[in-house]
Q: 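Please see the structure below; I have some questions.
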Amino acid sequence: MKYKKNNLIIDNLKVETLAKKYSTPLYCYSLKKIRENIINFKENFKDISPLTCFAVKANPNKVLLKEIGKLGLGADVVSVGELMKALKSGIKPNKIVFSGVGKTNKEISYAIEKKILLINAESKSEILEIEKIAKIKKKKVNVGIRLNPNIDAKTLSQISTGKKENKFGVSEKTFLDLASYIKKSKFLILKCLSVHIGSQILDFRPYEKTLKVLQKIINKIKFKFEYVDLGGGMGINYEKNNKKLNLKRYASVIKKFIEKNNCNIIFEPGRTIVANAGYLISKVIYIKEGDKKNFIILDAAMNDLMRPALYNAIHQIIPAKKTNSKTKKIYEFVGPICESTDKFSTIKNFQKLNEKDIIVICDVGAYGMSLSSNYNLRPKPVELLVKESKVKVINKRQNIKDLI
Ligand code: LLP
């Protein structure tokens, strides 16, 4: 994405033209950027040769999943819906892992039928349920156990998953008990030690600490895991302040870990693959100058992009057409929804905007559309993919009639 003669361009396509042709709000993804992200990811971890399973929850669009699958990634799924979609998008079962604390009997049965690579269980009850179903089906099922390493990922509390008080994974003691139970089971095969400590992690040290905890448990259990699934969580630079996760250092500690334990690594990245490849294009409906505050009222709202309302997440907002007219006023960029949290950002010194101007909210390819809703009976936006400078509608705008 760049400016050409002051017009914002996504892979050679003018944002204003897209807005006019497809109407707003709209999501637009760049396949070029997704490809670049995957190449970078592979490059950073080339010495480890991991199986990289895209976390479908970040963006479950079928066309995107197909493209991501073609680029060699598998899928990390957390529901039968995501599993079906991954399979339908051509991702092979032997590249699919199933995570989540509450897999139902039906979901486990379906996953077993489809012979996916791994079900990563998160409790004793789940292990017993998988065993029960495997016994009825007379099948042997590959399982992993997710460890809760009790590590602070130093990220937003709402997206931390690796501390004792979080619902995810099992304690070291339960892990050891479950492992010895599975080893004796006729229907379960223990294949994997899995962990996922949280999301949008920018500090490398929590990952390093996690590996130390994993090493300790492997030494204790004296079992050779075929896979160690390190989850996802790698953060991106939403605020453009140059704070970046040091992936090279992460890769080098993992390399030492593999050499010691002779295991295969699985990653489950979501955000790193798609976040910066997605843009939410929106039109200014009204500009409202208040006594205390000024508002830019957009046609996009928290139902389209939930992250700011839910986590106070920051997303850059930029104009589709650059001008030199700066304003000294502070504007709050908000949506039309009847909630005070329906705001995207407060910005000082933005260029002067007019009603009907187009703006772009950046880095929304992950957890943008996937967290969207029909709140206030607003139809979900259209999704576009730019592929080799051509636009493809990859999900139609919801029809308001269907909502009524
Ligand atoms: N694996 C597991 C088991 C997960 O729970 C998650 C994310 C991932 C992988 C992928 O994490 P990523 O690489 O995308 O950080 N809605 C929040 C993020 C929630 C993430 C939940 N789990 C957000 O908008 O920031």
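Whatever order the structure lists ligands and atoms in, that order sets their numbers, starting from 1.
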Q: Applying a 4.0 Å heavy-atom criterion (strictly less than), which segment of H196 is in contact with ligand 1: side chain, backbone, both, or neither?
A: side chain
Q: Taking 4.0 angstrom as the limit, do D76 and K57 come out as a salt bridge?
A: yes
Q: Would you say F168 contacts ligand 1, with heavy atoms under 4.0 Å as the rule?
A: no
Q: Any idea which part of A58 is under 4.0 Å from ligand 1, heavy-atom wise: side chain, backbone, both or neither?
A: neither
Q: Side chain, backbone, both or neither: which part of R146 has a heavy atom under 4.0 Å from ligand 1?
A: side chain
Q: Fit a plane to each ring of Y250 and F267, take the angle between them on a 0 to 90° scale, and name the class: parallel (under 30°), tilted (30 to 60°) or perpendicular (over 60°).
A: tilted
Q: Could you check whether any side-chain N or O of S372 sits under 3.5 Å from a backbone N or O of M369, counting only pairs where one atom can act as donor and the other as acceptor?
A: yes
Q: Given that the side chain starts at C-beta and the backbone is N, CA, C, O, which of these parts of V78 lies under 4.0 Å from ligand 1, counting heavy atoms, or is it both or neither?
A: neither
Q: Aromatic ring centroids of F225 and Y227 under 6.0 Å?
A: no
Q: Given side chains that start at C-beta, do those of L71 and R35 come closer than 4.5 Å, heavy atoms only?
A: yes
Q: Give the contacting part of R271 toward ligand 1: side chain, backbone, both or neither, where contact means a heavy-atom distance below 4.0 Å.
A: both
Q: Taking heavy atoms and a distance under 4.0 Å, where does D76 meet ligand 1: side chain, backbone, both or neither?
A: side chain
Q: Need the ligand 1 atom indices (1-based, order shown) with element for anything under 4.0 Å from a heavy-atom of E268.
A: 1 (N), 2 (C), 3 (C), 8 (C), 9 (C), 10 (C), 13 (O)
Q: Would you check whether P269 reaches within less than 4.0 Å of ligand 1, judged by its heavy atoms?
A: yes
Q: Just which atoms of ligand 1 are under 4.0 Å from any heavy atom in G270?
A: 12 (P), 13 (O), 14 (O)
Q: Hey, would you say the Y238 and H315 ring centroids sit under 6.0 Å apart?
A: yes
Q: What protein heavy atom is closest to atom 15 (O) of ligand 1, reported as residue, atom name and distance in Å?
A: S199 OG, 2.3 Å
Q: Hey, does M306 sit under 4.0 Å from ligand 1 if you only count heavy atoms?
A: no
Q: Using a 4.0 Å cutoff against the non-hydrogen atoms of I159, which atoms of ligand 1 qualify?
A: 17 (C), 18 (C), 19 (C), 25 (O)
Q: Run the contact test for G233 against ligand 1 with a 4.0 Å cut-off on heavy atoms, strictly below, and give the result.
A: yes
Q: Need the ligand 1 atom indices (1-based, order shown) with element for anything under 4.0 Å from a heavy-atom of L371.
A: 16 (N)
Q: In ligand 1, which numbered atoms sit nearer than 4.0 Å to a non-hydrogen atom of G232?
A: 9 (C), 13 (O)
Q: Does the ring centre of F333 sit less than 6.0 Å away from the ring centre of F350?
A: yes
Q: With a 4.0 Å cut-off, would you call E126 and K103 a salt bridge?
A: yes
Q: Considering non-hydrogen atoms of the protein only, which is the closest contact for atom 4 (C) of ligand 1, and what is the distance?
A: K57 NZ, 3.1 Å
Q: Are the aromatic rings of Y279 and Y27 close, with centres under 6.0 Å apart?
A: no
Q: Atom 14 (O) of ligand 1: which protein heavy atom is closest, and how many Å away?
A: Y367 OH, 2.6 Å
Q: So which heavy atom in the protein is nearest atom 24 (O) of ligand 1, and how far is it from that ligand atom?
A: R307 NE, 2.6 Å
Q: Students should be able to answer this: which protein heavy-atom is nearest to atom 16 (N) of ligand 1, and at what distance?
A: Y311 OH, 2.8 Å
Q: Nearest 0.5 Å please: distance from the CG atom of D357 over to the CD atom of Q351.
A: 7.5 Å
Q: Applying side-chain hydrogen bond (donor to acceptor under 3.5 Å, both in side chains), name anything that partners Y181, two or more places apart in sequence or on another chain.
A: E131
Q: Nearest 0.5 angstrom please: D304 CG to L26 CG, how far?
A: 10.0 Å
